[in-house]
Every structure is written in structure tokens, then in C-alpha cells.
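Single-structure report; data block below.
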Amino acid sequence: MKGLELSEKYYEKYGKEMLNECFSDIVSQTAVGLVGYGSECLGFDDDMSRDHDYGPSFCIWLPREVYIQYGEKMQEAYDRLPKEFMGFAARVEEEQGKGRVGVLCLEDFYCGILGREFAPETDGEWFAIPEASLATATNGMVFEDRLGRFTGIRQALLAYYPRGVWLKKLAESLARAAQAGQYNYARAMKRGERIAAELALSKFVEEAMRIVYLLNKKYAPFYKWMPRGMKELPVCSEIGDMLALLYRIPDPTAAWEKAAPTDYLYQPNTQDQRVLVIEAVCNVLVQTLNEMGLSGSQDNFLQSHVAQVLSKSEEET
């Protein structure tokens, strides 16, 4: 059973009764769900995930003024709930996983993830928050929110970046992907610098995935979950399988032994199968940019689209 489903069932069985019977005077100010750090909050947990931070549990968020007065007492009641449920053992927490469930101060919860208690309002505030943090603050499920304050912040975040911020982030990722995959990978391979080439390849893969998330207007999660999350995106999800091909291609060193010093700068070295995949990925991205009206160029070099994407941002200001 997925952690989110287990959490909701556990709350419905024990948590709701505890709140209604023991805290009837403040139950209207609670929000309940499972949001935050951990694969279970993303719905990506599996059998391997159950070795830590998995088990019957949920979060109760209280506004600070209510948490100060009732938080400790409510946590004691939460701790008295049955530890095992539906055949699942009690939650096993690692040291760094403590404090992710139970009774939490609403403002401290968001501040701990975002560095601020409320949704950002200016472009600068949006840029200051790492994208993975925004994904962490908006994942999971809210089972109930009687007050609406927790969900209000959540909905403001889920509304996604302001258009200008979105386009600037997209332009930045296009530039980084072009530099890493279509430029520096080739230069490093030609020089025989395999470590540098592998780093360039990895940076290209990460930025290509980030572009896919941006095109879907979906916050990219922590890097190890980016490939998994791409499978569920409606736009360019096929790029995940294309990127996976890069790691199944045999050593391409021989493909660079006869390459002229500058040939690869103007014409991709098609003897390297990795280059073919990189260019195929870029082609899908370019076609999508065109379809979305973000660029009118057919140039496969992603850098060539940066100015056009940025111009769309300027049109909105």
C-alpha cells in the first residue's frame, strides 16, 4: 500500500475521532494530511522505501497561535494512537526524518521548506526558493482543512510561477542544456577529458528534465525523483526514455579520434550515438517550444531559442 493511502486510512480510522472527541473546541482550526519530505509524499514509494520513515502516520497543522497553546497536548494524544495499522508496523524514523509527521506549526512547516511562512509575492521571492522546495511544499494530499489557511498557501504555490518568472527560468535552463550537452560535451570528448564529458552529459540530462517540468508548469522534485515524475507529465514525457538511452550507449571515445578540431562545433559528430540522442532530445524540445508559441525558430541549438523565450517575458511586463 502506498504511504499516502495508508496515511489517509489511518487518519480516518483513528485521527479524526481523536480530534473530534479530544479537541472539539479547536478542531475547526486544524488541517490534516501528508505533505513534505519523503517518497511517500510524492506517491513514489515502493517496497524498498519501507525501511525508513514509512508507517501509519499523518500531519496535523495548527496556526502558530493555536499550536503554542494546544500543540503539546495534541501531540501527546497523537502519540497514544495505535502504532500498528492494517498489518503495517509502526513508523520507523531516521534521525533526519523526525518531525515530519505529527502535530506541526503551520507557519513553521512552510518556513522550514520554503524559507518563508507564506507564498512568495514578488519575482525576487519566487526566484529565491529552490524549485525542489516548491515541489516538496505542494506534494502529497490534504485530507481535511477546516480553517483553509494551510490550503490557501498551498493553492497560491500550486498556481505556479508568475509568467515572467516561468519564462526566465525556462530560458536559463535552455541555455544551460545547450552549453552542457550541445557544446561542452563535444569539447570534452574531443580533448579526451572523459570525466568532464560525463559531467557535461549529466548536466544536460538534468537540465533537459527541468525543461520538461517547466513546459508542463510542474515543479521539478529532488533530482533523484525527476525521472520518475516525468512519466506522469502530459508534455514531452517521451524524453525520459530518450535520456535513458544515453546510459546504455557503449564507450564513444573512438567516435572522436578522427574528428577535426572545429568540425563538431558546426555539425554534430554523428559517429557518437550519444550526440544523436542529445540532438533528438533537443529536437523534441524545439518542436514543443514552437507549438507553444514560445519560439519561431527551427534551429536545433537550444541557445538559439533563449532570446525568443525571453522576449515573451518582456511582452508581459
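All values below were derived from every heavy atom in this structure, side-chain atoms included, with hydrogens, water molecules and symmetry-related copies excluded.
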**OP:** Could you walk me through whether Glu206 and Arg176 pass salt bridge (charged side-chain N to carboxylate O under 4.0 Å, His left out), step by step?
**Re:** CA-CA 10 Å; Glu206 183 171 356; Arg176 286 193 291 262; over 6 Å; no
**OP:** Before giving the answer on salt bridge (charged side-chain N to carboxylate O under 4.0 Å, His left out), spell out for Glu107 and Arg149 the whole-Å C-alpha distance, their side-chain angles and the decisive distance to 0.1 Å.
**Re:** CA-CA 10 Å; Glu107 291 85 356; Arg149 188 183 298 184; 3.3 Å; yes
Original post:
Does the pair Arg274 and Glu198 meet the rule for a salt bridge (charged side-chain N to carboxylate O under 4.0 Å, His left out), with working shown?
Top reply: CA-CA 11 Å; Arg274 282 180 168 180; Glu198 295 299 327; 2.8 Å; yes
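Distance alone, capped at 3.5 Å, is enough to place a donor-acceptor pair between the Ser7 side chain and the Ser57 backbone. A donor-acceptor contact shorter than 3.5 Å links the side chain of Gln182 to the backbone of Leu302. Between the side chain of Gln273 and the backbone N or O of Leu245, no donor-acceptor pair lies under 3.5 Å. For Tyr213 (side chain) and Ala208 (main-chain N/O), no donor-acceptor pair under 3.5 Å exists by modelled atom type. Side-chain atoms of Asn139 come within 3.5 Å of backbone atoms of Gly36 as a donor-acceptor pair (strictly under, hydrogens ignored). With hydrogens and angles ignored, the 3.5 Å screen pairs a side-chain donor or acceptor of Asn216 with a backbone N or O of Val235. Between the side chain of Asn269 and the backbone N or O of Val275, no donor-acceptor pair lies under 3.5 Å. Side-chain atoms of Gln308 come within 3.5 Å of backbone N or O of Gly296 as a donor-acceptor pair. A donor-acceptor pair under 3.5 Å is formed between the side chain of Arg116 and the backbone N or O of Phe118. One N or O on the side chain of Arg154 and one on the backbone of Thr138 form a donor-acceptor pair closer than 3.5 Å.
The residues Lys13 and Glu17 are annotated as not salt-bridged, no charged nitrogen and carboxylate oxygen being separated by less than 4.0 angstrom. In summary, Lys168 and Glu172 do not engage in a salt bridge, as defined by a charged side-chain N under 4.0 Å from a carboxylate O. A salt bridge is absent between Lys16 and Glu21: the closest approach of a Lys/Arg side-chain nitrogen to an acidic carboxylate oxygen does not fall below 4.0 angstrom. Using a cutoff of 4.0 Å between basic side-chain nitrogens and carboxylate oxygens, Glu131 and Lys169 are not scored as salt-bridged. Ion pairing between a basic and an acidic side chain is recognised when a charged N comes within 4.0 Å of a carboxylate O; Arg194 and Asp251 show such pairing.
The aromatic rings of Phe58 and Tyr11 sit perpendicular, their planes meeting at an angle over 60°, well past the 30° parallel limit.
Checked against the 6.0 Å centroid threshold, Tyr37 and Phe222 do not count as a close aromatic pair. The aromatic ring centroids of Tyr219 and Tyr161 lie less than 6.0 Å from each other.
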Would you give me the side-chain donor-acceptor pairs under 3.5 Å for residues 119-126, sequence neighbours excluded?
| residue | atom | partner | partner atom | Å |
| --- | --- | --- | --- | --- |
| Thr122 | OG1 | Glu125 | N | 3.2 |
| Glu125 | OE1 | Glu121 | N | 2.6 |
| Glu125 | OE1 | Thr122 | N | 3.2 |

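Residue Leu289 holds its CG atom at 6.0 Å from OG of Ser295, rounded to the nearest 0.5 Å. To the nearest 0.5 Å, atoms OH (Tyr247) and CG (Leu201) are separated by 5.0 Å.
The ring-ring contact (aromatic ring centres under 6.0 Å, His included) test with Trp61 singles out one residue from Tyr67, Phe143, Phe109, and that residue is Phe109.
Judged by distance alone, the side chains of Gln287 and Gln298 do bring a donor and an acceptor atom under 3.5 Å apart. The closest side-chain donor-acceptor pair between Glu279 and Asn283, if any, does not fall under 3.5 angstrom.
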